[in-house]
Amino acid sequence: MINKSRLTWIGLLVLVLAACIKDPGNYDYIDPTEAEPFSLTNWKDTQERFSTLERLQKTPTLSPGVNEEDYEYVWYLNGKISDTIARTLKLDVQLTQPNGDYKLIFRAQNRETGVCVYHTMGVTIESEFARGWYITKDENQVTDIDWINPEGELFSNVLASINGEGLKGKAHKTTFMGTGYNYDQHNPDGTVELVKGKRVLFVMSRSDMRVYNSDDLTLIRNFDEIFVSGSEVAKPQVVAHTATASFAVNNGRAYSLNVMNAVSYSKFGADKLGDYHLSDYVIPHLMGSMLAFDEQSSSFCTIKTAKTIQPFTYTPGHKHNPNNMNCDLLFMQDRSPELSVTNPGVALLKNRDKEEYYYAEISIIPFVGFNANLFSKYEVIPNTSELGKGKVFGAHLFSSALYFSLGDNVLKSFNTGNFSENSNVKTFPEGENISFIGHINDSEVKCLAVLTNTTDSWHLYCFEFIGQTADIDLNKCKHYSGKGHAASVFYMNTGVSYIN
């Protein structure tokens, strides 16, 4: 990179040139093509994508009779930062700029006349790993990621390939934090610098957790470096992200990280005070809080960046008391990243004293305000339903459908509007057991993703939905497979803020 430069003067120059073209004074006029002695190869009017660390190459071709030495050349990238990237006719540079959309600007200026020629095009810079499927899996008690690019090519064990090793233990899940992660980088010359605002992955096994740079999947922090004061036991359950804070649950204890603090070293603080043990399920709220469930008291609670967890108060007459419920939480999920009133979170609970199961809908307004009326709906699930016996669950994001499996090879669904049930949405091949169900709603990929495992391999099925319904088209399915046992999957795309 040569030097950084603002492009304001370019706009002023363009205005001056435009004024000359429109001025009907006493000038000699020539055809614009005569004043533009360049044609450009590898040039597109539409946005062109390049991967981080890929070489950006462009080759202008001079018109016959034009001397290359008569012109000065400059190439700019204008976007998150404005960089002068070359001063040669041919462009051949390695991209190191942050991910994002840029304008590539080429300027050639005649040394004698000062006349400039400009060409511009859109450029999107993204990590090689910025788009594709991330499957968190394990082989021989080692957790890793299998990555599938948008073209459908599978790259196995990418963490070990890049870093030399994966994580110890059985696979759990991976979450993505799209901005605001800071950390100390130790340079080869012995200096240490604070790297700010990185995009990172939190990869979790059941006995380890590590932070990786999402651009190149290099290791940033081991488990002991993720917390300010460390943690005696590595049993990661959750890492969830919001616009202003991130939260972690490890061995039942809650931790928080304020991502709005620009000088933060992005380490989770001390665990929240109190006598509690949180479950694996949480619902993060967009503006910096998280709904959780305390297994010890069988109570819902809210976690913010304060030192303690916040219980709910209850006023008789509301749907149901969220405290001391005498229930186990089987499943909980938000239906929308924004947690709107029309798309509440959902929860399934089981009575600890009898075979009775409950379906609850969680309203966003009391969740934020600690109001007693946490539930907008709380009803007993009919005893004819198998939903309560489910082992794997997933919610359709825009309807009343829940998908579930008993841990075998049969996908079932349950309508939370009328409590009807479909006992066989899809039967997968014998020997495959369902391990994950999720509604993927990305700008590039919209599908129901189902992971299954055999004794030594995983399978990912991506079913298209029928129209705007929760019904899947069994004839429109993409299938991928790899070695090991898969626990979770998500699809990554550019521009995503976070994936929980």
Side-chain angles (χ1 to χ4, degrees), residues 1-128 130-131 193 195-199 215-216 494-495:
M1 200 173 298
I2 297 175
N3 64 336
K4 294 188 177 180
S5 162
R6 297 287 182 186
L7 299 180
T8 305
W9 64 272
I10 295 178
L12 295 174
L13 181 56
V14 171
L15 290 174
V16 170
L17 292 175
C20 292
I21 293 172
K22 296 179 181 179
D23 184 357
N26 295 320
Y27 299 95
D28 292 327
Y29 294 96
I30 60 174
D31 187 278
T33 57
E34 296 180 37
E36 197 171 287
F38 300 93
S39 61
L40 293 149
T41 59
N42 300 327
W43 202 266
K44 296 181 180 180
D45 292 333
T46 56
Q47 200 84 359
E48 191 170 354
R49 293 183 182 272
F50 294 88
S51 297
T52 303
L53 304 182
E54 182 180 353
R55 299 197 71 83
L56 176 56
Q57 298 174 322
K58 297 294 172 186
T59 308
T61 304
L62 299 178
S63 299
V66 175
N67 187 350
E68 178 179 339
E69 300 301 321
D70 291 341
Y71 289 82
E72 293 180 349
Y73 311 99
V74 184
W75 296 86
Y76 304 95
L77 270 179
N78 186 19
K80 288 184 176 180
I81 57 176
S82 298
D83 283 357
T84 301
I85 57 174
R87 294 187 182 274
T88 55
L89 174 62
K90 294 182 179 180
L91 177 66
D92 184 4
V93 296
Q94 182 171 295
L95 293 171
T96 58
Q97 288 74 15
N99 293 349
D101 292 332
Y102 294 82
K103 284 292 183 184
L104 176 63
I105 302 171
F106 168 68
R107 187 196 76 183
Q109 183 176 21
N110 190 297
R111 298 178 187 273
E112 181 178 349
T113 66
V115 173
C116 297
V117 175
Y118 290 92
H119 286 279
T120 64
M121 68 176 290
V123 170
T124 296
I125 299 176
E126 61 184 23
S127 159
E128 178 184 2
R131 298 163 62 232
E193 63 177 308
V195 179
K196 298 181 180 180
K198 294 302 294 184
R199 297 152 45 97
D215 290 339
D216 56 16
T494 55

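Index from 1, following the sequence.
- Taking every heavy atom of both residues into account, Ile85 and Tyr76 meet most closely at CG1-N, 4.5 Å.
- Between Arg111 and Glu72 there is a salt bridge, since at least one side-chain N of the basic residue sits less than 4.0 Å from a carboxylate O of the acidic one.
- We find the CG-CZ distance between Asp215 and Arg199 to be 6.0 Å, quoted to the nearest 0.5 Å.
- Using modelled atom types, no side-chain atom of Trp75 and backbone atom of Leu104 make a donor-acceptor pair closer than 3.5 Å.
- You'll find the side chain of Thr120 stays beyond 4.5 Å of the side chain of Asn78, heavy atoms only.
- Counting all heavy atoms, side chain and backbone alike, Lys90 lies closest to Pro60 at CA-CD, 4.2 Å.
- In plain terms, the two heavy atoms of Ala86 and Leu91 that are nearest each other are CB-CD1, 3.6 Å.
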### Message
side-chain contact (heavy atoms from CB on, under 4.5 Å) for Val66 and Tyr71? Distances and angles first, verdict last.
### Response
CA-CA 9 Å; Val66 175; Tyr71 289 82; 3.8 Å; yes

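- Atom NZ of Lys58 is separated from atom CD of Glu48 by 3.5 Å, given to the nearest 0.5 angstrom.
- Using the six-membered ring where Trp is involved, Phe106 and Tyr73 have ring planes that are parallel, under 30° apart on the 30 and 60° scheme.
- Under the rule for a side chain to side chain donor-acceptor pair (under 3.5 Å), Glu68 has no partner lying at least two apart in sequence or in another chain.
- Summarising the geometry of Val195 relative to Lys198, their closest heavy-atom pair is CG1-CG, 3.5 Å, with the distance given to 0.1 Å.
- At most 12 non-hydrogen atoms from other residues, nucleotides or ligands lie less than 6.0 angstrom from CD of Glu112.
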### Task
Might you work through the side-chain contact (heavy atoms from CB on, under 4.5 Å) test for Val74 and Gln109, ending with a clear yes or no?
CA-CA 9 Å; Val74 184; Gln109 183 176 21; over 6 Å; no

